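Read the structure below first, then the notes.
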Protein chains: 2
Amino acid sequence: MPVTVLLVDDEPLVRAGLRAVLEAQPDIEVVGEAADGAAVVPLVRRLRPDVVAMDVRMPLLDGIEATRALLRSVDAPPKILVVTTFENDEYVYGALRAGADGFLLKRARPAEIVHAVRLVAEGESLLFPASVRRLAAEYGDGSGNRAARAVLERARLTEREGEVLRLMARGLTNAEMAARLVVGTETVKSHVSAVLAKLGVRDRTQAVIAAYESGFVAPG
Amino acid sequence: MPVTVLLVDDEPLVRAGLRAVLEAQPDIEVVGEAADGAAVVPLVRRLRPDVVAMDVRMPLLDGIEATRALLRSVDAPPKILVVTTFENDEYVYGALRAGADGFLLKRARPAEIVHAVRLVAEGESLLFPASVRRLAAEYGDGSGNRAARAVLERARLTEREGEVLRLMARGLTNAEMAARLVVGTETVKSHVSAVLAKLGVRDRTQAVIAAYESGFVAPG
DNA sequence: ACCCGCCTCCCCCGTACGGGGGAGACGATC
DNA sequence: GATCGTCTCCCCCGTACGGGGGAGGCGGGT
């Protein structure tokens with residue numbers, strides 16, 4: 001059965017774009033739209049979507065409040081994917097703290113958007129930039145190991161991939177990692193690609209950021 | 001080729017600690033050790049290290065005299081990093097006057113030690129590197145801005161370079177930074193290169209690491 | 001008036017990076 | 001036995017990255 005999605009954005013253009021991108025997928029179905037946060041809860045109750053793709057900046061009720069309202073008043077709430085224009089939007093962090101499962105840039109490429117919807121639908125959280133911060137915080141700051149392990153499990157990194165991420169977060173190049181791990185550089189590249197894909201990031205720089213932000217590695 | 005370091009300290013424990021910290025870095029190699037200042041000159045002549053990490057208080061010949069001797073009797077002398085326990089040690093200032101390139105607190109965190117070695121190896125001088133973290137603590141934890149500014153001054157980053165480092169640490173590519181800063185990509189490249197040089201790091205990944213480790217940017 | 005630091009932009013060039021494929025070996029699981 | 005996931009390695013290919021230069025404008029300081 002397909003992944004059902006509810007679109008919540010005050011701009012019709014954005015909704016149309018998301019719909020076009022998502023409907024092009026055989027396994028994704030857009031079941032409804034809303035133009036503001038106030039309409040979200042009743043719509044979710046009625047349509048029971050798997051995923052809500054929600055703008056943060058909206059009239060009446062913004063994405064943060066709508067997220068909170070959903071998690072509070074709906075049982076078996078849908079996965080919430082925060083949609084935003086800017087990556088450093090204060091609202092984004094607020095929404096993630098409020099319990100959103102991931103975030104998505106409006107200027108993301110269609111494939112990334114589809115990917116994000118599928119991921120959150122499966123229960124994954126999009127690690128970048130900050131959604132696992134909560135996770136790390138829950139485990140307290142002292143126990144870096146447990147936080148790291150939680151990140152591993154959440155992102156489904158294999159042991160080897162975690163090792164590679166750790167070395168990346170120490171500034172090693174692929175060649176240096178290959179030397180240290182006693183494997184070929186092509187092998188390291190494979191692991192790196194897997195890590196980038198699983199973390200939902202673009203390059204090693206963002207992977208390192210995710211590692212720090214999630215508590216997978218800690219300063220000091 | 002790696003940065004080669006000679007350790008000079010009368011306490012084996014300190015030498016071992018420094019060795020452990022530095023050897024953990026792929027680009028730093030500890031090439032020798034000495035337990036007193038008298039052995040430094042011949043060792044430097046033989047090993048030709050890039051950096052000498054030298055205690056100030058030592059038997060036979062203290063760090064000040066050893067520094068003077070090095071600069072006097074060795075051509076193309078290594079960079080000298082004075083290692084000390086106390087920040088207010090008149091020996092330290094004596095050593096700096098004698099020609100040392102920087103000083104380092106024994107209780108500094110590993111990342112700071114590594115950073116200091118890289119910096120002096122690059123020709124930067126670290127005249128007053130009281131631990132950046134403690135610096136940040138002094139400013140209180142809330143005011144990340146002032147702590148960040150302190151790091152800026154420490155690494156001699158200009159305001160623009162700091163801005164670029166911040167964006168790097170958020171995962172932006174050069175092109176994205178150019179768009180946001182409304183300048184050309186070549187300009188951004190210039191700033192990035194300057195940041196890498198001043199931080200003594202190799203690539204943007206290591207720059208991001210340095211940004212986190214120094215407290216220039218903070219997780220969460 | 002002069003110098004110097006900063007910001008801006010330009011060139012060339014080598015290479016590490018990352019995406020797109022695929023494939024064999026091994027162990028665990030069913 | 002078949003399947004799955006993991007780890008290993010290989011190919012091609014485009015591009016972002018980073019080093020090496022240089023250069024002009026502009027403001028502050030002496």
Side-chain angles (χ1 to χ4, degrees), chain A residues 108-116 122 124 128 152-153 155-211, chain B residues 1 26-27 118 121-125 149 152-153 155-211:
Chain A
R109 294 168 311 174
E112 292 170 343
I113 294 175
V114 170
H115 185 232
E122 290 164 10
E124 299 281 344
F128 184 73
L152 275 187
E153 291 165 7
R156 290 196 165 70
L157 294 187
T158 67
E159 202 173 331
R160 200 56 153 173
E161 288 160 357
E163 216 170 341
V164 166
L165 177 56
R166 223 179 299 277
L167 293 179
M168 265 196 278
R170 278 176 43 197
L172 276 70
T173 64
N174 289 340
E176 288 168 347
M177 285 191 269
R180 176 159 315 194
L181 299 176
V182 201
V183 297
T185 58
E186 296 298 329
T187 301
V188 172
K189 284 180 62 177
S190 294
H191 293 313
V192 169
S193 290
V195 169
L196 298 185
K198 289 185 178 179
L199 293 183
V201 297
R202 182 172 53 194
D203 51 43
R204 70 205 295 111
T205 306
Q206 291 191 349
V208 169
I209 294 170
Chain B
M1 53 208 139
D27 59 329
R118 287 210 186 95
E122 294 287 327
E124 294 283 339
S125 53
R149 202 175 321 136
L152 278 188
E153 291 165 8
R156 293 195 170 74
L157 294 187
T158 67
E159 202 174 329
R160 198 58 153 174
E161 287 160 0
E163 217 170 339
V164 167
L165 176 56
R166 221 179 303 276
L167 294 178
M168 264 196 279
R170 276 173 41 198
L172 276 70
T173 64
N174 289 339
E176 289 169 344
M177 285 192 270
R180 177 159 315 193
L181 299 176
V182 201
V183 297
T185 58
E186 296 298 328
T187 301
V188 172
K189 285 180 62 179
S190 294
H191 292 314
V192 169
S193 291
V195 169
L196 299 185
K198 289 185 178 179
L199 293 183
V201 297
R202 182 172 54 193
D203 50 43
R204 68 204 297 108
T205 307
Q206 292 191 348
V208 170
I209 295 170

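Every value quoted in this text rests on a predicted model; they were computed, and no experiment measured them. Heavy atoms only: backbone and side chains are in, while hydrogens, waters and symmetry mates are out. Order of the sequence lines sets the chain letters (A, B, ...), proteins ahead of strands, with each chain counted from 1.
Taking atom CD on A:Glu159 and atom P on D:dT8, their separation rounds to 11 Å, with Å as the unit. Atom CD of B:Gln206 is separated from atom P of C:dA16 by 14 Å (rounded to the nearest Å). What separates NZ of A:Lys189 from C1' of C:dT15 is a distance of 11 Å, to the nearest Å. Across the protein-nucleic acid pair, B:Glu163 atom CD and C:dC6 atom P stand 15 Å apart, rounded to whole Å. Spacing between atom CD of B:Glu161 and atom P of C:dC6 amounts to 7 Å, rounded to whole angstrom units. Taking atom CG of residue B:Leu181 and atom P of nucleotide C:dC6, one finds them 17 Å apart after rounding to whole Å. The distance from atom CD of B:Glu176 to atom P of D:dT15 is 16 Å, rounded to the nearest whole Å. In this structure, A:Leu196 places its CG atom 14 Å from C1' of C:dG20, rounding to the nearest Å.
When the side-chain nitrogen and oxygen atoms of B:Asn174 are compared with OP1 and OP2 of D:dA16, none of them lie within a distance under 4.0 Å. Checking the phosphate oxygens (OP1, OP2) of D:dG18, a side-chain nitrogen or oxygen of B:Arg204 falls inside 4.0 Å. Dashed line: the shortest gap from a side-chain N or O of A:His191 to OP1 or OP2 of D:dT6 is not under 4.0 Å. OP1 and OP2 of D:dA16 both lie 4.0 Å or more from every side-chain N or O belonging to A:Arg202. For B:Thr158, a side-chain nitrogen or oxygen approaches OP1 or OP2 of C:dC7 to under 4.0 Å. Note on A:Ser193: every side-chain N or O is 4.0 Å or more away from OP1 and OP2 of C:dG18.
The residue from B:Thr185, B:Leu165, B:Val164 that alone fulfils the side-chain contact (heavy atoms from CB on, under 4.5 Å) condition with B:Val192 is B:Val164. With B:Thr205 as reference, A:Val208 is the one residue of A:Val208, A:Thr173, A:Ile209 to meet the side-chain contact (heavy atoms from CB on, under 4.5 Å) rule.
Closest approach of A:Gly171 to B:Arg202, counting heavy atoms only: O-NH2, 2.8 Å.
When heavy atoms are screened at a 4.0 angstrom cut-off, B:Thr187 is found touching base atoms of the nucleic acid.
A donor-acceptor pair is defined here as one N or O able to donate and one able to accept, closer than 3.5 Å; no such pair exists between the side chain of B:Arg118 and the backbone of B:Asp27.
Counting heavy atoms from C-beta outward, B:Leu181 and B:Thr187 have side chains that stay 4.5 Å or more apart.
One N or O donor and one acceptor, one from the side chain of A:Ser190 and one from the base of D:dC9, sit under 3.5 Å apart.
Along DNA chain C, the nucleotide closest to B:Asp203 and the one closest to B:Val188 are compared, and the more 5′ of them pairs with B:Val188. Comparing B:Glu186 and B:Arg160 by the nucleotide of DNA chain C that holds the closest heavy atom to each, the one mapping nearer the 5' end is B:Arg160.
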